[in-house]
Amino acid sequence: MFQKILIANRGEIAARIIRTCKKMNIATVAVYSEADQYAPFVKQADESYLIGKPRVNESYLNIDNILEAAEKSGAEAIHPGYGLLSENAEFARRCREAGLTFIGPSEEVMAKMGDKVAARQAMKEAGVPIVPGTDQSVSDVEEAKAYANEFGYPIMLKAAAGGGGIGMQAVNNDTELEKAFEGNSKRAETFFGDGTMFLEKQILRPRHIEIQVLADGHGNTIHLFERECSIQRRHQKVVEEAPSPFLSEKTRNEMGDTAIQAVKALRYKNAGTIEFLVDKDENFYFLEMNTRLQVEHPVTEEITGIDLVEQQLRVANGETLSFEQGDIQREGHAIEVRIYAEDPVRFFPSPGQLTKFKVPEGDGIRHELAVAEDSKVTPFYDPMIAKLIAYGNDRNEAIDRLKGALENYQVEGIKTNIPMLKDVIAHEKFKEGATETSFVEEYYLPLVTEK
Amino acid sequence: MTEVKASMAGSVWKVVAAQGDSITSGQDLVILESMKMEIPIPAEADGTVKELKVNEGDFVNEGDVIAIIE
C-alpha cells in the first residue's frame with residue numbers, strides 16, 4: 001500500500017479522505033489556498049502545503065503548484081476528491097508523467113465520459129439506454145430546430161462540455177429554442193471554452209437515480225446499488241438516499257446489470273457512478289458518468305458497510321476486489337442532506353464568519369464537516385459546509401433520526417438551508433417517497449412563499 | 001432617488017453599467033460572484049445612474065449599496 005498520498009481537494013472531502021488514510025496508516029498531504037489557511041482539513045493532514053491565492057485557478061486548479069507540493073512531500077499518489085481537478089484528464093496525465101498514481105480511472109475514460117456527446121455514443125454502443133437526442137453536436141439553430149421537431153418538444157438544450165446546470169435549458173417550442181440557443185452556446189464557450197451544443201428529449205416527471213460501481217481492472221466489476229438524488233435546487237443535489245423509495249426490485253437489478261455492462265465496455269477501473277434519469281414508468285436512461293467519488297457516497301457506505309475511499313486506494317494500488325457481487329448485501333436505509341451556506345428560500349450564497357457551529361450526535365448519525373466552530377465561510381468555493389447522514393433500519397427511522405439531528409444542528413453567523421431541509425423531510429410528499437426532480441419547485445417553494 | 005443594494009455577499013465580477021447611463025428598471029448594473037454563482041443585480045427603477053459605488057473585484061456584503069439611481 002502507499003506510504004503517503006496527497007489530496008488535491010479541500011473541505012469536507014479532504015477531511016473524509018484523511019480519515020480513511022489514518023485508518024489504513026497512510027500519511028496524508030493536504031494542499032490549501034490562502035483562504036483555507038485555518039480550515040480543519042489542513043490541520044488534520046500530516047503535512048500541508050500552501051499552493052496559492054483563494055481563487056481556484058490560482059490554487060486548487062493550478063496543476064503545477066499541486067505537483068510541486070507532491071514532489072516536495074514525497075507523496076506516491078494523488079486523490080482528487082470530487083469537483084476541481086477530479087475529472088480533468090490532463091491532470092491525470094500530468095500525475096502519471098510525474099510518476100504519481102492518480103487515484104481514479106484512466107485519462108482516456110475520463111476524457112470520453114467528460115465529453116457528453118462522446119459519452120452518449122459510447123453508452124449507445126455498450127447497449128445502455130440513452131435519452132432520444134442528437135448523437136452529434138448541432139452546428140446551428142436551424143439544425144437544432146429540425147431535430148427538436150423530430151424528437152418532439154419539450155427539449156433539453158445542453159452544452160457538450162457543461163456541468164452544474166450551466167449551458168442547459170428546457171425549451172417548449174421553436175421560439176424558445178431560437179432564444180435559448182445562442183445564449184447558452186455563448187455561456188458554454190465562456191465557462192468551458194467549448195460552445196458545442198446538443199439536444200435531448202426532455203423526460204417528464206423524472207427522478208435522478210444513480211448506480212455506484214467499483215472495478216479493479218483485473219476483470220472484477222460490481223455495483224453497490226443505487227442512490228436516489230432527485231431533490232435538487234439549481235440543478236444541484238440537496239437530499240440523497242439509498243435505497244430509492246421508488247424503484248421496484250426488478251428495475252433495481254436491471255439498472256445494476258446495465259451499469260456493470262457500461263463499465264465493462266469502457267474497461268473502467270476504480271470507483272465510478274452511472275447517473276440515470278428514471279421516468280414514472282421506471283424506464284431508465286443514461287444521463288452521465290461521474291468518473292470519481294461522489295459527494296453522496298456516504299449513503300452507499302451506510303447501507304453496504306463498504307468504505308469507498310478505502311476501495312479506491314486499494315484498486316489504485318493494483319489490488320483485486322476482496323468481494324464479489326453476491327457478497328454485497330444492503331441493509332437499512334440512509335439519507336444524506338447537504339448543509340449549504342445559503343439563503344433557504346432564494347438559494348443565494350451566504351458567506352461569513354461562523355459564531356456558533358455545533359452538530360448533534362446520536363444513533364445512526366454521521367457527519368462530514370468542512371468547517372469548525374470558529375471557521376469563516378469564504379465566497380470563493382462551493383457553499384457546502386457539511387453533510388449530515390442519518391441511518392435507520394428502515395426509511396421511517398432514518399427520517400426520524402434526520403429530523404431530530406436537524407432540530408439540534410446549530411449554525412449561527414451565516415444563513416443556511418437547514419430550514420429548507422427540515423421542511424423537505426417533514427413534507428408528506430417526501431414521506432410518501434414522491435421524490436421527483438421537481439420536488440423543490442412543486443412542494444417546497446409554494447410552502448415558503450405561503451409563510 | 002433609489003439605492004440599489006447587493007442581494008448577497010460576494011465580489012463584484014463585472015460592472016455592466018456606467019455612471020451617467022440612462023437605464024430602465026430590470027436592467028443589470030453589476031454582476032456579483034459568490035460560491036460559484038453569478039448573480040446579476042438589476043436596477044429597481046428607471047432613471048440615470050448617479051453613482052456607482054463599486055469597482056470590479058470589490059467585496060460587498062449583503063445589503064451594501066451598489067449604485068444610486070436618480
Side-chain angles (χ1 to χ4, degrees), chain A residues 10-11 33-36 53-61 82-84 162-167 183 186-188 190-192 233-236 295 338-354 370-371 376-385 413-417, chain B:
Chain A
R10 58 178 300 282
S33 74
E34 283 170 9
D36 279 336
K53 292 189 187 300
R55 293 193 178 279
V56 285
N57 49 2
E58 294 178 73
S59 51
Y60 298 106
L61 295 182
Y82 54 66
L84 299 173
I166 292 167
K186 262 191 204 130
R187 281 197 82 198
T190 311
F191 277 87
F192 311 113
R233 61 100 184 89
R234 293 187 356 226
H235 299 288
Q236 272 181 337
V295 176
R338 301 188 187 188
I339 314 284
Y340 287 121
E342 67 182 18
D343 182 283
V345 177
R346 296 179 310 159
F347 312 134
F348 281 2
S350 174
Q353 175 69 50
L354 294 183
V371 295
K376 194 172 172 184
V377 180
T378 70
F380 302 106
Y381 315 109
D382 179 279
M384 193 175 76
I385 56 168
I414 58 163
K415 288 193 258 184
T416 72
N417 65 336
Chain B
M1 193 185 85
T2 17
E3 289 183 333
V4 180
K5 290 179 178 169
S7 53
M8 68 172 191
S11 59
V12 178
W13 184 46
K14 283 203 168 98
V15 176
V16 290
Q19 211 148 302
D21 280 4
S22 90
I23 45 135
T24 52
S25 177
Q27 193 179 328
D28 293 342
L29 300 176
V30 304
I31 301 170
L32 297 182
E33 183 197 20
S34 186
M35 294 173 156
K36 290 162 58 177
M37 192 174 170
E38 289 86 34
I39 304 278
I41 306 296
E44 283 149 23
D46 297 347
T48 308
V49 181
K50 186 176 176 232
E51 196 179 349
L52 269 169
K53 299 230 175 217
V54 295
N55 293 307
E56 286 180 10
D58 285 359
F59 187 82
V60 293
N61 279 304
E62 186 177 341
D64 283 1
V65 177
I66 283 178
I68 293 170
I69 309 292
E70 206 171 48

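The basis for the numbers below is simple: all heavy atoms, side chains too, and nothing from hydrogens, waters or symmetry mates.
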**Q.** Interface residues of residues 11-32 of chain B facing chain A - non-hydrogen atoms under 4.5 Å apart
**A.** B:S11
Q.
My understanding is that only one of A:P351, A:P349, A:S350 makes a side chain to side chain contact (heavy atoms under 4.5 Å, CB included) with B:M8; could you say which?
A. A:P349
Q: Provide the closest heavy-atom pair for A:F348 versus B:M37 in the form atom of the first, atom of the second, distance.
A: CD1-CE, 3.8 Å
Q) Counting a contact as any heavy-atom pair under 4.5 Å apart, which residues of residues 59-70 of chain B contact chain A? A) B:F59, B:E62
Q: Over all heavy atoms of both residues, which pair between B:M35 and A:V377 is shortest? Give the atoms and the distance, please.
A: CE-CG1, 3.3 Å
Q | Top of A:E342, A:M384, A:K415 for chain B proximity - count of heavy-atom pairs under 4.5 angstrom | A | A:K415
